[in-house]
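Chain letters run A, B, ... following the sequence lines, proteins first, then strands; residues in each count from 1.
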Amino acid sequence: MARLNDQVQALLEEYADLLTIIGGDAFRARAYEKSARAIGGWPTDLAAMDPKDILEIPGVGKSTVGKIDEVRRTGTLEAVEKLRAKIPPGVRAMMKVPGLGPKRALTLHQDLGVSSVDELRAAAEAGRLHDLPGFGGRTEENILHGLAVLHAAAGRADLGTATSLAEEVTATLRDVPGCLRCEWAGSLRRLRESVGDLDVLAAAHDSAPLTEAFVALPAVAEVIVSGPTKTSVRTAAGLQIDLRVVAPEAWGAAMVYFTGSKAHNIKLRTRAVRAGLKLSEYGLFDNETGATVASATEEDVYAALGLAWIPPTLREDLGEVEAAAAGELPVLVTERGLRGDLHTHTDLTDGVASLEDMLAAAKARGYAYYAVTDHAPDLVMQRMTDEKMLAQRARLRELAGGYGRMRLLHGTELNIGPNGSVDWPAEFLAGFDVCVASVHSHFGADRATQTRRLIRACENPHVHVIGHPSARRVGRRAPIDVDWPAVFAAAARTGTALEINGAPGRMDLNDEHVRAARSAGVRFSIDSDAHSTVQLANPRFGVGTAQRAWLGPDDVINTWPWQKLKRFLTKPDLPAGQA
DNA sequence: GCCGTTTTCGGCCCGACTGTTTTCAGTCG
């Protein structure tokens, strides 16, 4: 792991989980959860901080400072090690099954001797669960369903996890003597919403030093295969990483080949064959003479095939090769093109950073505008009140002008109730500069209800953006059941933007939905949903989704200049009775 | 364990939903 912060966060989260499983003081476990979040979201590397400064992090006290020091010195926590001896790691892993929490996980372990997800599946399929105390037929069914949801994402990593791992691996390998280049390729480079394995490519004349450094990485738990050109390892978290070492003159062809997708590569190879050429990971060759036509850079390879260079996010054989041949590749939205963020939180609700810290971090990103959108009162656990919201607005107005050219917007993230209503009456909503409205409850309602619910939210004249519209959590919760074409039509008709939420655990809407929505005339907002300053970088992943759906700057409202966005945030009048 | 103070203790995220119960435990957001 790149930062001590992440290492400490992971250990504290594990400690909190283990404490929850064995029972006892729930507040202690919660305190560790909170400090874990605060540390993970803290922008400065703990390794470079004084203990007295670490103590200033909200939620971090003396005990945690001691544990941070222990992790720094020993790489682990004795308290966690002791609990691991009592509770097998598989028991904690069972808590990832939706619907299964710490209590039932412990019961399963103690009464049935089940101590892994696999054993749980076997027990559930054999019908051994429904006789346990507190379990029944429905519980067993729900656990089986939860296992299926989990299985759909098994062994896959979210973009945040995969990116930080890829950054760590490439940074280490670039420092190895003889390494000329090192980049990641594969589905991570194409910015798919989750990745099954990590492909890392390095250019060197001698692969041995790279291979040696690669298998010695702290994240590596197991070496699967290792040879002169290819080495595969598995991390403790179960993610496979493949390292390929290629000659520098083959770099471009290798990057094309290992970036994929498979369908894109097949299309390119077919195109090559028709031109009397052969494309492989080693280069583009003339069939008759065997001479190398191109291989050093991706641009060379594409050009020799009569194509403009194709951005990795488009390489899915969804028309990009034809477009490149015709010189009609789309102009894509980019991270640099984003002028602001319209969905962010502070510590007034469940964020971990103060308003001032979030604003300073947003300014550092060069934004022209920035919306603070803390949770609204219907999400009861956040304890929002009118007074707190108005006080935040007053503070934000005081701070206006203090962040250079960055315009400060006061917003909120409303909750879309089961019938499509939102928090607060219209008069109160009118006081916000921007309102995001999202589904946070009643995920199991039927399609007609969910569809009506989202359409009614779109029709609310004070709702500007529907946040994380499908409400799915990658690998954790299925999307709500919705008639999407009907919702896309309503969003387009009412001038309501749909969010592309870039939080790695959400990635919502996904690329397929965005493609369909765009053709229905919908506009989008690419947001971070940041709960800490470091999460303000989340839009990089949302931009990936947007590019995969071929979105250009015009499709994305937060690439627009403020005056144009301001007009969008004033929704057109709707026929009476629809609002 | 952390925090704030009515400051060295006592409170800390609360309500809904589900499925199991027959008055409530577990899970979730």
Side-chain angles (χ1 to χ4, degrees), chain A residues 8 11-13 15-39 54-68 70 77 79-80 83 92 94-111 129-146 149-150 345 347-352 374-385 388 413-419 423 438-445 449 467-468 471-473 476-478 480 503 505-506 508 529 531:
Chain A
V8 172
L11 280 163
L12 291 181
E13 279 173 356
Y15 192 42
D17 279 352
L18 293 172
L19 287 174
T20 312
I21 292 172
I22 61 167
D25 184 5
F27 291 112
R28 220 174 122 230
R30 284 257 288 289
Y32 280 118
E33 269 172 35
K34 191 179 174 197
S35 58
R37 264 186 349 127
I39 285 164
I54 296 177
L55 206 50
E56 293 297 306
I57 302 175
V60 176
K62 276 187 183 169
S63 161
T64 306
V65 169
K67 289 193 167 56
I68 291 168
E70 190 187 340
L77 288 174
V80 173
L83 282 182
R92 179 178 179 232
M94 288 195 291
M95 287 169 60
K96 284 208 167 71
V97 177
L100 189 58
K103 293 289 179 286
R104 292 204 182 109
L106 186 64
T107 302
L108 286 163
H109 177 55
Q110 290 179 336
D111 291 10
L129 304 191
H130 62 254
D131 290 333
L132 290 172
F135 288 65
R138 293 301 300 274
T139 305
E140 191 168 84
E141 260 176 52
N142 288 342
I143 287 175
L144 278 167
H145 176 255
V149 170
L150 196 66
H345 297 274
D347 60 7
L348 183 62
T349 53
D350 57 349
V352 297
D374 273 313
H375 288 287
D378 288 356
L379 200 62
V380 184
M381 60 174 172
Q382 304 297 351
R383 299 182 128 193
M384 180 53 75
T385 62
K388 281 160 86 173
E413 184 182 10
L414 300 163
N415 307 289
I416 306 176
N419 64 359
D423 320 56
S438 316
V439 166
H440 292 123
S441 64
H442 301 86
F443 304 108
T449 306
H468 46 76
R472 65 107 172 240
R473 303 292 293 266
R476 296 188 48 122
R477 185 172 65 220
I480 55 174
R506 289 198 180 271
D508 184 7
D529 199 355
H531 288 67

S.K.: If you check the Thr139(A) side chain, which of dT20(B), dG26(B), dG1(B) turns out closest?
M.R.: dT20(B)
S.K.: Just checking Pro133(A): base, sugar-phosphate only, or nothing, at a heavy-atom cut-off of under 4.0 Å?
M.R.: nothing
S.K.: Specify the separation, in whole Å, of atom NE2 of His145(A) and atom C1' of dT27(B).
M.R.: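 One finds 16 Å between C1' of dT27(B) and NE2 of His145(A), rounded.
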S.K.: Could you work out the separation of dT7(B) and dT20(B) based on their P atoms and round it to a whole Å?
M.R.: 49 Å
S.K.: Could you check how far CG of Leu348(A) sits from P of dC13(B), rounded to whole Å?
M.R.: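 Atom-to-atom, Leu348(A) to dC13(B), this comes out as 14 Å.
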S.K.: Remember a base hit wins even if backbone is also touched, and classify Phe27(A) as base, sugar-phosphate or nothing at under 4.0 Å, heavy atoms.
M.R.: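 Base, at least one base atom sits under 4.0 Å.
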S.K.: Taking Arg473(A) for its side chain and Ala478(A) for its backbone only, find out whether a donor-acceptor pair lies under 3.5 Å.
M.R.: no
S.K.: Ignoring the backbone of Asn142(A), work out which of dC14(B), dG19(B), dG1(B) is nearest its side chain.
M.R.: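 It is dG19(B).
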S.K.: Just wondering, more than 12 heavy atoms not from Lys96(A) lying within 6.0 Å of its NZ?
M.R.: no
S.K.: Indicate, with a heavy-atom threshold strictly under 4.0 Å, whether Gly137(A) touches base, sugar-phosphate, or nothing.
M.R.: sugar-phosphate
S.K.: When the P atoms of dT8(B) and dC14(B) are considered, how many whole Å apart are they?
M.R.: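 Between the two P atoms, the distance is 24 Å.
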S.K.: Closest nucleotide of DNA chain B for Phe135(A) versus for Leu100(A): which of these residues is on the 5' side?
M.R.: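 Nearest nucleotide further toward 5': that of Phe135(A).
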S.K.: If pairing requires Watson-Crick or G-U wobble contacts with both distances under 3.5 Å, which nucleotide is the partner of dG26(B)?
M.R.: dC17(B)
S.K.: Which part of the nucleic acid, if any, lies within reach of Thr64(A) when heavy atoms closer than 4.0 Å are counted: base, sugar-phosphate only, or nothing?
M.R.: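 Result for Thr64(A) = sugar-phosphate.
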S.K.: Using a cut-off of 4.0 Å on non-hydrogen atoms, how would the nucleic acid contact of Arg138(A) be classed: base, sugar-phosphate, or nothing?
M.R.: sugar-phosphate
S.K.: What is the separation between atom CG on Leu19(A) and atom P on dC2(B), rounded to the nearest whole Å?
M.R.: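 Atom CG in Leu19(A) sits about 12 Å away from atom P in dC2(B).
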S.K.: How far apart are the closest heavy atoms of Gly137(A) and His130(A), and which atoms are they?
M.R.: N-CB, 3.8 Å
S.K.: Expressed in whole Å, how much space separates the P atoms belonging to dT27(B) and dT21(B)?
M.R.: 14 Å
S.K.: Using the C1' atom on both, measure dG15(B) against dT22(B) and round to a whole Å.
M.R.: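 About 22 Å, rounded to a whole number of Å.
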S.K.: Among dG29(B), dC2(B), dT27(B), which nucleotide has an atom closest to any side-chain atom of His440(A)?
M.R.: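 Closest of the options to the side chain of His440(A): dG29(B).
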S.K.: Round to the nearest Å and state the distance from Arg30(A) atom CZ to dG11(B) atom C1'.
M.R.: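 Checked: the CZ to C1' distance equals 11 Å.
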S.K.: How many Å lie between CD on Glu33(A) and P on dC13(B), as a whole number?
M.R.: 12 Å
S.K.: In whole angstroms, how far is the P atom of dG29(B) from the NE2 atom of His531(A)?
M.R.: 13 Å
S.K.: Give me the distance, rounded to whole Å, that separates dC13(B) from dC28(B) when you measure between the C1' atoms they each carry.
M.R.: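 To the nearest whole Å, 12 Å.
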S.K.: Mind checking Arg477(A) for me? I need base, sugar-phosphate or nothing, with any heavy atom below 4.0 Å counting as a touch.
M.R.: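 Here Arg477(A) touches the backbone only, sparing every base.
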S.K.: Hey, mind stepping through Tyr15(A) and Lys67(A) against side chain to side chain donor-acceptor pair (under 3.5 Å) and telling me if it holds?
M.R.: CA-CA 11 Å; Tyr15(A) 192 42; Lys67(A) 289 193 167 56; 5.3 Å; no
S.K.: Hey, does Phe443(A) reach any base, or is it just sugar-phosphate, or nothing, if we go heavy atoms under 4.0 Å?
M.R.: sugar-phosphate
S.K.: Show, in sequence, the C-alpha distance, side-chain angles and deciding distance for Arg92(A) and Glu13(A), and conclude whether the side chain to side chain contact (heavy atoms under 4.5 Å, CB included) test is met.
M.R.: CA-CA 11 Å; Arg92(A) 179 178 179 232; Glu13(A) 279 173 356; 4.2 Å; yes
S.K.: When all nucleic acid strands are considered with a 4.0 Å heavy-atom cut-off, which category describes Ser441(A): base, sugar-phosphate, or nothing?
M.R.: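 If one applies the 4.0 Å heavy-atom cut-off, Ser441(A) turns out to touch nothing in the nucleic acid.
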S.K.: Over 60° means perpendicular and under 30° means parallel, so classify the ring planes of His531(A) and His345(A), tilted if in between.
M.R.: parallel
S.K.: Ile68(A) CD1 to dG1(B) P: how many Å, rounded?
M.R.: 14 Å
S.K.: Are the side chain of Asp423(A) and the backbone N or O of Asp378(A) linked by a donor-acceptor pair below 3.5 Å?
M.R.: yes
S.K.: Which part of the nucleic acid does Lys62(A) contact within heavy-atom distance under 4.0 Å: base, sugar-phosphate only, or nothing?
M.R.: sugar-phosphate
S.K.: Nearest to the Arg383(A) side chain among dG26(B), dC13(B), dC2(B), which nucleotide is it?
M.R.: dC13(B)
S.K.: From the options dG26(B), dC17(B), dG1(B), select the nucleotide whose nearest atom is closest to the side chain of His442(A).
M.R.: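 So the nucleotide nearest the side chain must be dC17(B).
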S.K.: Let me know the distance between CD1 of Ile57(A) and P of dG1(B), rounded to the nearest Å.
M.R.: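 From Ile57(A) CD1 to dG1(B) P: 18 Å.
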S.K.: Closer to the 5' end of DNA chain B via nearest nucleotide, is it Gly136(A) or Ser35(A)?
M.R.: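 Comparing both residues, the 5'-ward one is Ser35(A).
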S.K.: Please measure how far the C1' atom in dC17(B) lies from the corresponding atom in dG11(B), and state the result in whole Å.
M.R.: 27 Å
S.K.: Using the P atom on both, measure dT6(B) against dG1(B) and round to a whole Å.
M.R.: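 It works out to 25 Å between them.
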